[in-house]
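Naming convention: chains lettered A, B, ... in sequence-line order (proteins, then strands); numbering from 1 in each chain. FYI, side chains are in, hydrogens and waters are out, and symmetry mates aren't considered; it's all heavy atoms of this structure.
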Amino acid sequence: MIPLNLPAVAEAERPFVTRLRWDRQAGEPSDSYFVEGDETGSSFAGANGLIAVDGVPGTDLDGDVVLVQPNGGGIARIERLLRAGSHHNTLLITERCDQLCVMCSQPPKKTHVDRFDLFEEACLLAEPRSLIGISGGEPTLYKDELCGMIERVLGTRDDLEFHVLSNGQHFEREDIERLRNPVFRRVSWGIPLYAPEPALHDRIVAKDGAFERLEKSFAALLLAGARIELRTVLLTTNLAVLPALARYVTARLRFIESWSIMQLENTGFAKNRWAQLYVDHRRDFAPVAGALDCAALHGVPARLFNFPRCTVPEPYRRQAAVSISDWKRKYMPACGHCREREQCCGFFEWHPDEEALRGVIPL
Amino acid sequence: MTFLPLRTRPLRKGDGALCVSDGGRFFAGTPNFLARLCEEELLPEDWRFLVENGHAVLEGDELGAAGHAYGLAERLTRAGSLDYLILVPTLRCNLSCSYCQVSRVGLLQPGFDWSDETLASVLNLLDDLPAQRIKIEFQGGEPTLRPDLLRAVIERCERFEDRQFVICTNLQELSEEILSLFDRPDLYISTSLDGDAATHGRNRTGSNASTNRFLENLRFVVERYGPHKVSALPTIDAGNPPDEDSLIDSYTQHGLTSIFLRPINYQGFARKRHPHAREQNAGWRLYYERFVRRIIERNWQDRSRVLEESYFSICLRRIFQPGADRHVDLRNPNPMGVDYIVVDHDGTVYPTDEARMLSRSGIVDLSIGDVANGWKSEKRDLLNRHATNQFDPACQRCAYQPFCGRDLVDDIARYGRIDVPRPETEFCRRHLHIFDFIFELIYDEDPAIRYSLSRWLRLAGTPPALGTRMA
Amino acid sequence: MADALIRIDHHSDAVRSAAGWIRTFYPNVAISLDDGRVQLTSSERDEATLRLIWLTALANERLFARGAASRALVLEELVR
């Protein structure tokens, strides 16, 4: 597991963004350079003063864009916002959310700390051609600030792209003009839909009217030419309606860019509800196959997220994506012999080992 | 206001009617449903079904309305900038096939190859193309007679990120130079294979020695590069088509699985030697259906490979997967001289290869310009004003309109005009037949049929039913 | 040889158009309009099929007439 937050001490009084650099020659004025350290930690110096980071050697942090939190909120730390060389950087815009999905991996909080300025600074320091994730909570609770940040960053950096996770409860017809700005061609929106009808979807996200509101958002997004990655987590409660959901998607949501059918992550709310919610797809793949075939039949690209390849029947294996971020991924011991390991997503770091071990068959 | 953009047509088998929405979604309706539709007395469950399946747009359903418009837009061609060229570097040929469409000239005839100026114009054209991808098909005559011209064009295309070349060749002669071109991974070979050796020889190669040389060369390239590199097409005498299994075997022997059944074309040498090729007839259509059914049987018996009739697959995918293929002869609208052109041996530019052959046969001149001076001509604009099926009154009532296209050149070739009522044209009859046949198969529960259709639709599994039925 | 005799209320525009289009799309079906009914005759098709041909032709005309305005609107929006 790769640590994203590390204890640190800083001279500065207020939070700031900087890039950490091992080699003085490589960098720019806004960077902070390695001063001294060993495997247990190191210190860096830059325009905002000294930073002493605990826990990893300095070389691990080379090139990372970090947010330095001096001892303001109680815990002094650095947050590695954009790790160098990683394809899985995500910015947590807010912890507030207006839904309460039964399997939520990032349970919401009531408070919000506005860090848009800092995030914007960080994005401008991103490595060339980065794809930056934006998540929460619900990012579009701050839709105006979010779109503003996106417009300014993508307007300055024509090589960057964003992928924003959103519950799709807040898009309006009034947003269409703004979203037609060409910079939004480099933004894709990951929006969940759990069932083809209001009753079940609303129950899963614990919000009445969510499905109906989502349809209104989809109408606006469609007319705006937005790029949508539709996301459906596999649960015991929606497994049986997956084929019906596929029919809904191919009938009313043809405009999406792709559909990701996702296995459950054993974290957040799903942890205590694991036994009730988790679907062993090795035993009951038929509804998933039905949905995949329906999507393929009608030309809607669909992929499987978080399905280790050996657990997927061979004809569908090519639709299994390498979906688990590097910082939370693990493999089982038997995977060492598997010839498809490089193309496999592996398991979540917090996936129950006994469960994983049972199903692994090296290919 | 409720919007019900449907068109209906009886299914060929059974008692249902096919109902197709403007966006190409379809279902099978019962005669009682049809009667209710006529009386405008639909039941609540009728409406529920229609809305769920994207066939009706109710007042206030914003997503349904937007989705409908999107589905419609998906069916319309979006022709971008020029990125597909058919180039004819020479009209000379070392064979004399009886049905030759292009009125080829003899091997030693001077004046039928690209001049230096024409080559220079083609290379300039390539330099100026805005797209980052390019597809070039070399036709002729026999293109391999001028490997130097092929090489000049191919090398000029190195700057494109995404390149695809196809050499249409009779594979009679394979020199080192030609093989070095073939060795390119971005280059594919297209050839003719009319069936067993006897048929092929009768139509094309004449002597046994020539036929054998061709077959040896075909075997050689398939072995050297794998079957994915080579595609072959038969040309069939509609009045005397070969035995289905014999034709299929002549392909599977070489590891080839796609067969594009095209009957002798009403052009060029075809008109002189095959006087009965004038209209495709009922006999040909029966043969076509037998052929496809035979392929379905053989696919079921041997699951190790999937055979297909190429045009059937294209039409099938047109129904379910708009935009999956880019078959320029079947699309609506069908822009002429926009995203693809043909450059002849003398630098003349035509909108399609059929147009080139038509002009060569002296029937009508459909050239739209030349490669040196451009082709944004009045003639091109005139063609483009009519290159759609969107507003034809017959097409507007046809259930297959979202899947079908418009071929002005074919109409001109056969009738000398483009305003013949659609159902009287061969293009329309051919496609009515194919789509009638396809939908008959879509609604057939036979597992062998579902298996082949699913493979041609590139599905991982085989669904229990490919078409929806209204209960 | 099969006949289908279908009762209709009156000869509306839709009915007349439907008959015309049947002549165009189904050259081997004979169709005649009399008071209160339509008759289709064909040597190649049975009665059920002839009825279906009539139903689909009439449905198409009705749908076409009702949908023309909406279709024009959608197309216009798309072009914009």
Which bit of A:R318 is near chain B, if near means a heavy-atom gap under 4.5 Å: side chain, backbone, both or neither?
-> side chain
B:R133 atom CZ, neighbour heavy-atom count above 12 within 6.0 Å = no
Nearest heavy-atom pair of A:A296 and B:Q321: which atoms, and what distance?
-> O-NE2, 3.2 Å
Could you look at A:L221 and say if it's the side chain, the backbone, both or neither that has a heavy atom under 4.5 Å from chain B?
-> neither
Any chance CD of B:E445 has more than 12 other-residue heavy atoms, nucleotides or ligands included, within less than 6.0 Å?
-> no
Distance-minimising heavy-atom pair for B:A460 and A:P315 = CB-O, 3.3 Å
Select one option (side chain, backbone, both, neither) describing which atoms of B:E52 are under 4.5 Å from chain A's heavy atoms.
-> backbone
Where does A:Y248 contact chain B at under 4.5 Å (heavy atoms): side chain, backbone, both or neither?
-> side chain
What residues of residues 63-80 of chain B sit under 4.5 Å from chain A when you count only heavy atoms?
-> B:L63, B:G64, B:A66, B:G67, B:Y70, B:E74
Select one option (side chain, backbone, both, neither) describing which atoms of B:R317 are under 4.5 Å from chain A's heavy atoms.
-> neither
Should we say atom NE2 of B:H228 is surrounded by more than 12 heavy atoms from elsewhere, each under 6.0 Å from it?
-> yes
Find the distance between CD1 (B:I319) and NE2 (A:H298) and round it off to the nearest 0.5 Å.
-> 11.5 Å
B:L466, B:D61, B:L457, B:T468: which one forms the most heavy-atom pairs within less than 4.5 Å of chain A?
-> B:D61
Taking atom CZ of A:R283 as the centre, report whether more than 12 heavy atoms of other residues, nucleotides or ligands fall under 6.0 Å from it.
-> no
Hey, which of B:G23, B:G461, B:G323, B:G54 has the most heavy atom pairs under 4.5 Å with chain A?
-> B:G461
Would the number of heavy atoms belonging to other residues, nucleotides or ligands and lying under 6.0 Å from NZ of B:K13 be above 12?
-> no
In Å, rounded to the nearest 0.5 Å, how long is the span from CG of A:D293 to OG1 of B:T462?
-> 7.5 Å
If one checks every heavy atom of A:S217 against chain B at 4.5 Å, the contacting part turns out to be neither
Report the distance from atom CG of A:L223 to atom CD of B:E62, rounding to the nearest 0.5 Å.
-> 8.5 Å
Which of residues 171-204 of chain A get closer than 4.5 angstrom to chain B, counting heavy atoms alone?
-> A:R173
